[in-house]
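Working notes, beginning with the structure itself.
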Amino acid sequence: MMLFLLLVALTSAAADDLPPTCSRPVYCNSTLLHHIQMARLYPDSKTFVDLQMRNDENTTLAAFEELFDRTNGSPSKEELRKFVADYFDETSELEEWTPNDYKENPPFLNNIRDERFREFAKGLNDIWPTIARRVKPSVLEKPDQFSLVPLTHGFIVPGGRFKEIYYWDAYWIIEGLLITDMHETAKGMIENLIELLHKFGHIPNGSRWYYQERSQPPLLAAMMERYYEKTKDIKFIKKYISSLEKEINYWLDTQLIAFNKDDRVFTLLRYYTPSAGPRPESYYEDYDLAQKLPNKDPNDVYTELKSAAESGWDFSSRWFISENGDNSGNLTNLNTTNVIPVDLNAIFAGALQTTANFHAILNNPRKAAHWGYMAEQWRSSIEHALWDEEDGIWHDYDIVNNKPRRYFYTSNLAPLWMNAVDQRFLAKHGARVLEYLHKSEGIEFPGGVPVSLANTGEQWDFPNAWPPEVSIFINGIQNIGSEESSALATKLAQVWVRACYKGFSETKQMFEKYDALNPGKFGGGGEYTVQAGFGWSNGVILEFLDMYGDKLTSEDTSEVTE
Ligand SMILES: *[C@@H]1O[C@H](CO)[C@@H](O)[C@H](O)[C@H]1NC(C)=O
Ligand SMILES: *[C@@H]1O[C@H](CO)[C@@H](O)[C@H](O)[C@H]1NC(C)=O
Ligand SMILES: *[C@@H]1O[C@H](CO)[C@@H](O)[C@H](O)[C@H]1NC(C)=O
Ligand SMILES: *[C@@H]1O[C@H](CO)[C@@H](O)[C@H](O)[C@H]1NC(C)=O
Ligand SMILES: CC(=O)N[C@H]1CO[C@H](CO)[C@@H](O)[C@@H]1O
């Protein structure tokens with residue numbers, strides 16, 4: 001109880017004195033930013049904050065002040081357009097790059113039984129060099145004139161508007177790279193994220209200053225684990241184990257929350273990124289929303305938006321708490337910081353266990369025991385606070401109404417994916433999870449598993465099927481470890497690979513998200529148009545073809561192994 005009161009005190013103290021979104025005024029906190037973004041010079045708000053300055057920041061700010069005074073505080077759209085043309089430059093900060101370890105025919109292709117799927121995998125492998133980038137030397141010369149944060153190594157970007165390195169996207173990209181034998185590129189990506197960790201104290205959403213105050217699902221440990229499994233590079237683990245601990249401590253220091261359930265106090269993580277002002281890259285959208293909510297403090301609204309963005313699920317009914325206490329409503333009902341997410345805590349439990357395992361490998365038994373004990377505690381809290389005995393699945397928990405949020409979300413299976421479930425518990429309850437899935441309707445769609453069954457028009461809701469979530473879901477089912485679960489996982493992987501193959505055959509493109517109702521068609525909704533490329537989509541197909549390549553078939557005419 002003491003801990004609970006302490007946390008509440010800390011939280012409310014912070015609310016009075018929020019830091020700006022980032023320490024770079026032009027990109028995060030200035031009259032300049034406000035006027036330019038509210039004038040909607042570009043269809044996508046991200047376009048402006050990605051421009052580089054032609055001069056140093058103070059010169060730019062001073063020039064804007066001059067314009068502002070000259071126009072009595074209301075520069076016209078044309079004047080703003082001219083200002084942007086005079087003081088900003090659209091030249092890309094990144095250049096194309098061919099990774100040294102790229103191979104045209106990585107050996108894993110030989111394990112794929114179906115010829116069309118083998119071609120598909122080769123096609124995806126061919127995409128790597130087209131979405132590989134590195135930072136131009138000019139950024140390093142004058143880093144203060146860019147919103148991009150320079151990084152040492154080349155990297156794979158998601159694609160489209162997402163042209164920098166992203167935190168959780170990197171997990172599935174790295175998986176794909178490891179499968180296609182690009183170990184050095186995978187390692188460079190992890191080292192880039194660690195570089196960001198040391199610069200900011202945590203890993204931001206992406207390598208832009210305007211993402212400074214937000215992280216994303218903490219998958220660094222999982223990335224390092226995948227890399228170690230493939231390479232046994234113990235020197236790497238030794239070099240970065242303390243970085244991993246730093247990241248874990250960041251989450252413990254900033255996102256912990258204590259809450260009561262059934263007369264017990266639990267301490268778990270939530271997404272929580274308090275800072276003042278709209279998201280710079282969605283400035284107009286956020287400001288507009290806050291204006292529609294005159295009874296709320298705009299900074300509370302921004303904090304809910306940013307915290308939802310930190311989850312990776314921007315946006316979703318997962319973060320709506322309506323007046324009735326359910327997940328209905330729209331963005332005006334965002335209350336992310338009062339939802340205890342299953343996936344975040346499962347990922348965190350996994351990170352604690354991985355840290356323990358690494359210490360064991362490095363012969364640090366005392367530290368291994370320390371982190372191992374914490375991992376066990378976390379798993380136990382997930383079991384007692386988030387497992388829902390009635391539904392036979394884990395659910396997010398609503399700490400306003402003190403109740404589980406009993407809705408189908410792919411993230412409900414994250415504890416299985418992250419091996420954050422006690423083995424005895426799994427043996428006892430694994431069959432119940434399968435029962436839940438069969439009852440849920442979530443696994444019956446022709447175009448893959450949708451992230452939710454709520455059709456809100458938000459992009460992280462029905463009918464969208466998102467590659468990373470399909471991966472979490474199917475790997476989760478696989479990890480139940482029974483024959484039946486394995487058959488279901490294989491069947492769902494088959495549906496997914498076939499759907500993406502269909503889309504790829506028709507358009508020669510991979511999309512960031514798909515439509516569960518229409519196999520291979522891209523998904524819609526949300527704040528921006530669908531993006532092609534696409535890092536994590538490619539990674540997930542490579543993952544499934546690596547896992548199930550000896551079984552999957554592109555058509556039913558050949559025998560299907562289930
Ligand atoms: C910049 O941030 C501070 C602190 O969060 C805030 O009080 C101020 O209004 C912001 N300034 C502008 C111009 O947005
Ligand atoms: C820019 O202006 C700020 C505030 O006036 C000042 O603290 C800072 O030193 C200036 N930066 C440069 C590079 O001149
Ligand atoms: C979130 O929910 C709490 C409890 O109902 C409420 O006090 C708060 O205002 C909500 N936050 C926002 C931004 O609506
Ligand atoms: C969101 O919900 C509120 C109240 O439930 C409603 O008044 C408002 O019109 C809705 N906004 C949109 C954009 O649908
Ligand atoms: C809003 C925000 O925090 N920005 C981005 C974080 O990264 C994801 C991609 O993984 C984007 O979808 C968000 O827009």
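Only a predicted model underlies this, so the values are computations on that prediction, with no experimental measurement involved. In each ligand, atom 1 is the first atom listed, and ligand 1 is the first ligand listed.
- Note on ligand 1: G277 sits outside its first shell, no heavy atom being nearer than 4.0 Å.
- For ligand 3, the polar-atom distance check against K296 finds a nitrogen or oxygen pair separated by under 3.5 Å.
- The closest protein non-hydrogen atom to atom 11 (N) of ligand 3 is N335 ND2, 3.3 Å.
- Between F200 and W209, the ring-plane angle classifies as perpendicular under the 30° and 60° cut-offs.
- Residue contact check: N29 has heavy atoms under 4.0 Å from atoms 1 (C), 2 (O), 3 (C), 8 (C), 10 (C), 11 (N), 12 (C), 14 (O) of ligand 1.
- Aromatic ring pairs are classed by plane angle as parallel below 30°, tilted from 30° to 60° and perpendicular above 60°; the pair W319 and W313 is perpendicular.
- Checking T410 against E469 by side-chain atom types alone, a donor-acceptor pair falls below 3.5 Å.
- Within ligand 3, the atoms closer than 4.0 Å to a non-hydrogen atom of N338 are 1 (C), 2 (O), 3 (C), numbered from 1 in the order shown.
- Atoms of ligand 1 found under 4.0 Å from any heavy atom of A276, numbered from 1 in the order shown, are 5 (O).
- Here Y166 and Y211 bring their ring centres to under 6.0 angstrom of each other.
- Looking at E310 and R214, no side-chain N of the basic residue comes within less than 4.0 Å of a carboxylate O on the acidic one, giving no salt bridge.
- A donor and an acceptor atom, one from each side chain of E389 and W387, are located under 3.5 Å apart.
- For ligand 1, the atoms sitting less than 4.0 Å from at least one non-hydrogen atom of T31 are 13 (C), numbered in the order shown with element in parentheses.
- Between K306 and E213 there is no salt bridge, since none of the side-chain N atoms of the basic residue sits less than 4.0 Å from a carboxylate O of the acidic one.
- At a heavy-atom distance under 4.0 Å, no atom of S275 approaches ligand 1.
- Distance check for atom 4 (C) of ligand 2: every protein heavy atom is found at 4.0 Å or beyond.
- Ligand 1 has an N or O atom lying under 3.5 Å from an N or O atom of L18, backbone or side chain.
- Close approach of ligand 3 to E304 (heavy-atom distance below 4.0 Å) involves ligand atoms 13 (C).
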From CA spacing to verdict: side chain to side chain contact (heavy atoms under 4.5 Å, CB included), F473, I443: CA-CA 10 Å; F473 194 83; I443 58 177; 3.7 Å; yes
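- Ligand-side atoms of ligand 2 in range of N58: 1 (C), 2 (O), 3 (C), 8 (C), 10 (C), 11 (N), 12 (C), 14 (O), range being under 4.0 angstrom from any heavy atom.
- Residues Y283 and H34 bring their aromatic ring centres within 6.0 Å.
- Close approach of ligand 3 to V400 (heavy-atom distance below 4.0 Å) involves ligand atoms 4 (C), 5 (O).
- Within a 4.0 Å radius of atom 7 (O) of ligand 3, the protein has no heavy atom.
- Checking atom 14 (O) of ligand 2 against the protein gives a heavy-atom contact under 4.0 Å.
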